[in-house]
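A short worksheet on the structure shown next.
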Amino acid sequence: MMLPVIFVFPLLQLLILVNAANMEMKHIKICIVDNDLSSSSRLITGKFSNSKFFTLQCHTFNMEDARRQLENDRADIVLHIPAGFERGLIRENKAKVQLLINAINGTVAGISNAYAAQILAGANREIIMQWYGIPKTQAASAAINIIPAFWYNPDMNYKIFMVPAILVLLVTLIGMMLATLNIVREKEMGNIEQINVTPIRKIHFITGKLLPFWIIALVMLAIGLLIGKLLYDIPMVGSLPLLFVVAGIYLLAMLGFGLMISNTAATQQQAMFVMFFFILIFIMMSGIFTPTDSMPHWAQTINYLNPVAYFMRIIRMILLKGSGFADIYRDFLILLGYGITVIIFAVIRYRKVS
Amino acid sequence: MKHFFGFVRKEFHHIFRDRRTLIILFGIPVAQMLLFGYIVTTEVKDARIAILDHSKDEITRKIVDKLSSSGYFIIAQHLTNEQEIGECFRKGTVKEVVVFEQGFAQKLQKEKTAPVHLIADASDANSANLVVNYTAGIINDFVVKENTSTLIPMQIVTEPRMLYNPELKGVYMFVPGTMAMILVLICALLTSVSIVREKELGTMEVLLVSPLKPLQIVLGKVTPYIFLSFVNVITILLLSNFVFGLPVRGSITLLLAESFLFISLALSIGILISSSTSSQQMAMVASMLGLMLPSILLSGFIFPIDNMPGWIQWICYINPTTYFIIILKNIMLKGLGFISVWKETAILAGMTLFLLMVSTKKFKVRLGGK
């Protein structure tokens with residue numbers, strides 16, 4: 001019963017979560033209130049409806065109407081072009097438009113605003129061209145031509161970023177969950193006394209407990225990588241053996257951690273909760289969705305103690321950028337030290353008497 | 001009835017005796033709010049970049065100064081050749097390299113235009129995009145400031161207004177999600193585990209032969225968790241109000257009523273899980289992977305549903321958490337009334353009824369088999 005769950009759930013998660021965890025902004029729903037109805041306002045509307053970032057949700061004259069769309073989440077942005085917009089543009093050289101943005105998700109709001117500003121700037125240039133015939137601004141002053149290049153992921157495919165992260169998530173969750181629930185389960189069931197009276201040594205007991213989970217987690221990583229390759233065609237630039245070595249060391253730390261929780265907990269429920277608490281913090285701080293270097297300083301310092309952050313960084317570096325051992329050796333050594341310490345600690349903390 | 005209250009009291013004792021779980025139960029929402037409030041941000045701040053300046057003239061130095069004093073970037077390295085770009089990307093020390101070609105200033109003066117290459121490490125596509133946009137913005141700003149003498153004709157001035165969250169705080173987004181998550185955690189996960197636990201340890205039979213009716217057993221099991229959930233909801237609301245300055249803009253009564261509806265829903269899912277699994281481990285795995293992750297990732301909590309492919313949007317719309325989050329956002333953040341959320345409420349109520357029916361039926365069938 002447990003085995004299919006261990007394998008099927010992760011695969012489902014890999015199928016669903018990778019597609020779901022998408023921060024690419026497309027289809028921002030815009031509602032345009034055009035009270036001007038001039039050629040300029042039509043040009044702006046056309047620009048927005050042709051953009052791949054925006055979907056023109058409605059086009060109305062009534063501001064109240066647009067606001068209601070915003071409240072009902074049928075629109076994310078409202079662009080208000082007031083009456084007399086074009087006249088102002090011609091006579092006063094300046095005219096205002098208003099953008100109302102639903103900012104509950106601050107990140108999305110910021111990005112939407114930036115895209116809208118880009119499109120408006122483009123429209124502005126075209127309007128100037130229409131009236132003056134030549135790109136006057138460019139001719140008058142010097143301009144710096146900005147040429148961006150996106151290495152390792154020129155299509156800006158967010159999945160490439162997410163697949164390694166989801167792999168980390170799965171390996172961590174399954175490995176740690178099994179390890180955490182293990183000893184405490186025997187405790188709860190009363191089997192632990194029977195093991196305690198056998199002559200088995202602590203180190204052998206711990207190793208014996210850990211080894212199966214360690215192997216299961218690594219097998220899952222392999223399957224996950226295969227699925228990632230087949231379904232999402234994620235790049236594997238770097239050395240896979242290196243990745244597995246790192247994963248093995250990482251798992252040592254996480255499984256040892258799980259065993260420690262299991263050891264000190266009284267019930268499975270308690271162990272589960274303690275684990276969930278730490279996993280949640282570890283994963284959220286690991287840079288799974290957001291870059292770690294925009295975190296506040298104290299948080300970055302705490303992150304030195306977060307094994308997930310190391311693995312998250314390394315798996316992306318190896319898979320996507322082809323980093324070799326020389327590039328990651330510091331993180332690698334820290335992780336190794338971490339793993340050994342945790343295991344030693346788990347062995348010391350394990351007592352044969354309850 | 002006396003038996004029933006006795007049973008409820010026993011369940012409360014069970015919960016309060018387990019101090020560690022209790023601490024964590026109240027620690028999770030606090031930790032999560034602090035995490036999301038302070039740590040998990042997508043904004044660009046102190047992003048580490050490198051400069052590859054082949055020109056080293058007055059203008060490139062000015063631009064570099066601009067970048068480093070903007071607060072968005074830390075100039076971590078000055079490179080000397082193209083090879084080093086790949087090297088420092090592979091080490092992960094910088095996110096972007098700004099490359100100036102030789103004779104930048106002269107070119108700008110003579111030809112009126114000169115190229116700047118922004119090479120970004122797009123293995124993190126999102127932040128690469130943001131970093132490049134910010135850099136471009138700063139450079140453009142520099143150009144405009146240098147050219148103040150020329151008047152730009154026919155300027156469209158955009159006035160953006162950020163509704164509901166003018167300072168673009170991350171917390172606004174995460175309070176509703178955290179609330180939904182914690183309710184799923186307590187109601188579905190804890191309940192299912194606590195019922196399965198009795199099964200696994202064999203104490204369920206003891207309860208079944210007691211004068212309590214099956215319905216009373218279930219009710220007695222869930223009552224303490226309803227209580228805990230409400231305490232947590234209130235903790236989250238207080239925290240968001242006093243620490244993050246996020247008031248409830250709509251009616252608090254309505255908010256609590258909707259929370260109660262969602263709690264009943266989560267409880268019925270918990271009961272359903274408990275009656276279809278036989279070990280605590282299974283119940284935990286099922287609620288963790290089958291409930292927790294979807295309610296975090298497939299509910300519009302972190303990722304906008306509109307961005308997902310069609311078939312995943314369908315899953316999101318089956319997921320009750322999606323509706324609860326919409327309701328919370330409308331009431332808490334937008335300050336709207338019941339009229340704006342009646343549809344979502346109706347859907348949740350329907351789901352609750354259905355699940356309650358299925359789960360009580362399943363529970364009885366199982367008892368009949370014993």
Side-chain angles (χ1 to χ4, degrees), chain A residues 5 9 17 19-23 27 89 93-94 96-110 113 117 120 124 128 137 140-153 156 158 161 181 268-270 272-273 277 281 284 290-291 294-295 299 316-317 320-321 323 327, chain B residues 18 20-21 24 28 35 39-42 45 90-92 108 112-113 115-120 122-128 132 136 139 143 147 150 152-165 168 170 172-173 193 280-281 284-285 289 297-298 303 306-309 312 329 333:
Chain A
V5 172
F9 262 121
L17 297 188
N19 279 303
N22 193 342
M23 281 281 199
H27 317 300
L89 212 53
N93 251 335
K94 208 179 229 184
K96 278 181 188 167
V97 294
Q98 201 179 34
L99 275 176
L100 298 180
I101 303 170
N102 174 358
I104 289 180
N105 186 339
T107 317
V108 171
N113 185 22
L120 282 170
N124 200 353
I128 295 170
T137 38
S141 59
I144 294 177
N145 185 16
I146 295 167
I147 307 166
F150 296 99
W151 282 22
Y152 309 115
N153 185 7
M156 304 295 267
Y158 195 62
F161 178 63
L181 293 182
Q268 288 187 59
Q269 185 186 316
Q270 200 185 67
M272 179 78 180
F273 264 76
F277 182 73
I281 294 176
M284 281 303 172
T290 55
S294 53
M295 300 192 314
R316 279 178 179 149
M317 283 167 83
L320 308 183
K321 298 192 262 182
S323 305
D327 299 313
Chain B
D18 186 356
R20 215 175 291 176
T21 308
I24 285 191
I28 284 178
L35 271 180
I39 295 176
V40 181
T41 85
T42 38
K45 211 171 31 187
R90 271 196 301 278
K91 281 204 179 70
L108 198 61
K112 294 282 180 201
T113 175
V116 176
H117 296 269
L118 305 181
I119 300 172
S123 58
D124 177 354
N126 261 0
S127 49
V132 165
I139 296 178
V143 172
N147 294 320
T150 45
I152 303 165
M154 298 186 79
Q155 207 179 352
I156 299 178
V157 182
T158 318
E159 280 186 337
R161 261 185 64 202
M162 300 295 179
L163 296 180
Y164 313 122
N165 180 9
L168 300 182
Y172 280 51
M173 171 75 181
V193 169
Q280 290 187 63
Q281 279 199 13
M284 281 173 196
V285 174
L289 297 179
L297 294 163
L298 299 178
F303 298 105
D306 290 332
N307 283 355
M308 300 174 191
I312 291 183
K329 277 185 187 166
L333 304 174

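Chain A is the first sequence line, chain B the second, and so forth, proteins listed ahead of strands; every chain is numbered from 1.
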Among A:S323, A:A299, A:A117, A:A109, single out the residue with the greatest number of heavy-atom pairs under 4.5 Å to chain B. A:S323

With sequence neighbours excluded, tell me which residues meet salt bridge (Lys or Arg N to Asp or Glu O under 4.0 Å) with B:K91. none

With a 4.5 angstrom heavy-atom cut-off, could you sort out which part of B:I312 is near chain A: side chain, backbone, both or neither? side chain

For each of A:I281, A:N153, A:I147, tally heavy-atom pairs with chain B at distances under 4.5 Å, and name the one with the top tally. A:I147

Please flag which part of A:Y152 lies under 4.5 Å from any non-hydrogen atom of chain B: side chain, backbone, both or neither. side chain

Straight-line distance of B:L118 CG to A:F150 CZ, nearest 0.5 Å: 8.0 Å

Which bit of B:I119 comes within less than 4.5 Å of chain A, counting heavy atoms only: side chain, backbone, both or neither? both

Rounded at 0.5 Å granularity, tell me how far CG in B:L297 sits from CG in A:N19. 12.0 Å

A:N102, A:L320, A:I104: which one forms the most heavy-atom pairs within less than 4.5 Å of chain B? A:I104

Close side-chain approach of B:S123 and A:K321, heavy atoms under 4.5 Å: yes

Give the minimum heavy-atom separation between A:A103 and B:M162, together with the two atoms involved. CB-CB, 3.7 Å

What part of B:I28 gets within 4.5 angstrom of chain A, counting heavy atoms only: side chain, backbone, both, or neither? both

Got a second to check how far B:I24's CD1 is from A:F277's CZ, nearest 0.5 Å? 6.0 Å

How long is the gap from CD1 on A:I101 to CZ on B:R161, to the nearest 0.5 Å? 11.0 Å

Would you mind telling me which of A:L100, A:L181, A:N113, A:D327 has the largest number of heavy-atom pairs within less than 4.5 Å of chain B? A:D327

